[in-house]
Amino acid sequence: MKRRRLHRSRRVAAYLWVAPVTLVGLVLALVALAGGGQARWVEGQLEVAGARRLRSFGRWPQVRHFGAITLGHVILGRDHATLARWRRHEQVHVRQYERWGVLFWPLYLAASGWCWLRGRDAYLDNPFEIEARQTDGA
Ligand SMILES: [Zn+2]
């Protein structure tokens, strides 16, 4: 019982620590829902997919890798099949948000910038993405 209470306290702390980013995700989730998206609560995260803009975003040539994006405890994706395929990967990003909180964005951007300056791919060689790929089982 005491262990369960401690676990619950840690989960609440994790949600609060990431709340500012999750709030941004919730705003975008509302926009996606207004554009025809559907929301599901999956394993502690809100997944939103199917909105017209999310589907068309993935077709832009500049956005080669877009299948889903994680903003705190909100995951936005093109469609629910894509979210299911990327779920483990995006959940690694959720854990990264829980580790770094609001610092995750500047750290992620700095890591991408550092990769780019060294002539590497700002997305594929970003250590946060490498961790997600190594952990997601893909
Ligand atoms: Zn990723």
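All figures in this text were calculated on a predicted structure; none of them were measured in a lab. Counting starts at 1 for both ligands and their atoms, in listed order.
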Show me, pair by pair, the donor-acceptor contacts under 3.5 angstrom made by side chains of residues 111-118, not counting sequence neighbours?
{"unit_1": "Ser112", "atom_1": "OG", "unit_2": "Tyr108", "atom_2": "O", "d": "3.4"}
{"unit_1": "Ser112", "atom_1": "OG", "unit_2": "Ala122", "atom_2": "O", "d": "2.8"}
{"unit_1": "Ser112", "atom_1": "OG", "unit_2": "Asn126", "atom_2": "ND2", "d": "2.9"}

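Among the atoms of Glu90, none of the N, O or S atoms falls under 2.8 Å from the Zn ion (ligand 1).
Annotation: angle subtended at the Zn ion (ligand 1) by His93 NE2 and His89 NE2 is 100°, to 10°.
When the N, O or S atoms of Glu129 are ranked by distance to the Zn ion (ligand 1), OE1 comes first.
If you run side-chain contact (heavy atoms from CB on, under 4.5 Å) between Leu6 and each of Arg3, Arg8, Arg10, only Arg10 comes through. Just one of Phe104, Trp105, Tyr97 meets the ring-ring contact (aromatic ring centres under 6.0 Å, His included) condition when paired with Phe128; it is Phe104.
Pairs passing the salt bridge (Lys or Arg N to Asp or Glu O under 4.0 Å) check and including a residue from residues 18-44, sequence neighbours excluded, read Glu43-Arg88.
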